[in-house]
Amino acid sequence: MSEQSTPQWFTGSEYTHRVAQAIAQYGPIARTTLSQLLGLSQGALSRITSDLIYADVIEETPSQPNTSNKLPAGFTAKESTERRGRPQTALRLRAEQRSFIGANIHGSDISMIVTDALCNPLCECITEALTSTKPNDVAQQLSDLARRCSAGIDPSPVAMGLSIGGHADKDRFVTYAPFLHWDGSIDLGGMMEEYGGIPCAIFNDLDSLLFHESWFGEGVGLSRFAVVTIGSGVGYSLSENGRPVDYPDKSYGLAGHVPLDPEGPRCYAGHIGCSQCLTNDSLAEEYSTMIGHLASFQQFADDAMAGEAQAKQLVNKLCFRLGTLIATASNFAMPSKVLISGESSFLARLNTESIRNGISWYRPSQAAKIDFEILDFDWADWAEAAAARAIARYIG
Ligand SMILES: [Zn+2]
């Protein structure tokens, strides 16, 4: 069984790839800052950047280099040693030279988008329902949608990233996909290549989100951060030095049954108040019990947004429990920041004070406060995240 083949933008040494990656993440960036960041001499860096400029991967730009907090935490750029009076230039990735397709399968829907090499969208994200969950049909539908999304986009996409809530071996063979009810090992990457005519690598959705944040989002420059997602399930993933921490069993929902609330509802596995109580189904059930009649998750969410008293009470519990999960994860994994996402993360915005209280309740008071941020949630971001992984492989 071979690994999914992905074309690469250029060939070069490990350092050439590292330079291109750093320019993608931190650019536009001054040469002096880049050489300090990567520990390369100005001469060595100059030889590498000449090759990358010649290959049309990067270019010199007169624009101001990035001086924002996107550079790694704790890194301070030294003063330029260039001659005074010489105009300050910066290096940027020629993002417009390539395009990529990103797709995410969530529940029974697909979302797809086309981006440039810096993961900026080049079209509207399209979301449509899966017409069938049979592997061949899914690959066919994804390929048709990819053709529609990339019509009229110049240059045409060079690679596709597809993320799923599950596990893909060698970025190609889907071996676990509970939402699609697939059995055994499915060569989805191979089918996509056959039907769509474009190299397609398959990734775990949470890892893709983490990757996207490390390369192009809130995680740029952070050495270690975590993402917690809430929605139809509960997800957790950890990034170390710009990459998801590798662990063979992490696609199996390791954060799904963490004890959070001794007075919480009982989950299907029999636990009391485990992290299943953060899921949409459990919230709908708990809300139904509170109000005395059957209510859907949507009803609960609508009531919460409208400020109904009982819904607010459940939101407060949800936020406190989420804080407890964040404290537990942070106390063990020690990330410098926790990002909250997922389709019901908008509920977390309704009471950040309860999240803080939940964190404080389970964290020593002397320990530093945990920095957390609730990301804007949109399936387009999850589709972009899959594109980000394809870009990362393409740049190397
Ligand atoms: Zn449980």
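Remember, it's 1-based here, ligands and their atoms both numbered in the order they're listed.
- Salt bridge absent: E263 and K317 never bring a charged side-chain N and a carboxylate O closer than 4.0 Å.
- Protein N/O/S atoms closer than 2.8 Å to the Zn ion (ligand 1), listed by chain and residue number, are H257 ND1, C267 SG, H271 ND1, C274 SG.
- With 3.5 Å as the limit, one finds no donor-acceptor pair spanning the side chains of N104 and S111.
- R393 has a carboxylate O that lies under 4.0 Å from a charged side-chain N of D171, or vice versa, which qualifies the two as a salt bridge.
- Legend: ring-ring contact (aromatic ring centres under 6.0 Å, His included) pairs involving residues 135-166, not counting sequence neighbours: none detected.
- D261 pairs by the side chain to side chain donor-acceptor pair (under 3.5 Å) definition with R321, not counting sequence neighbours.
- R266 meets the side chain to side chain contact (heavy atoms under 4.5 Å, CB included) test with I272; sequence neighbours excluded.
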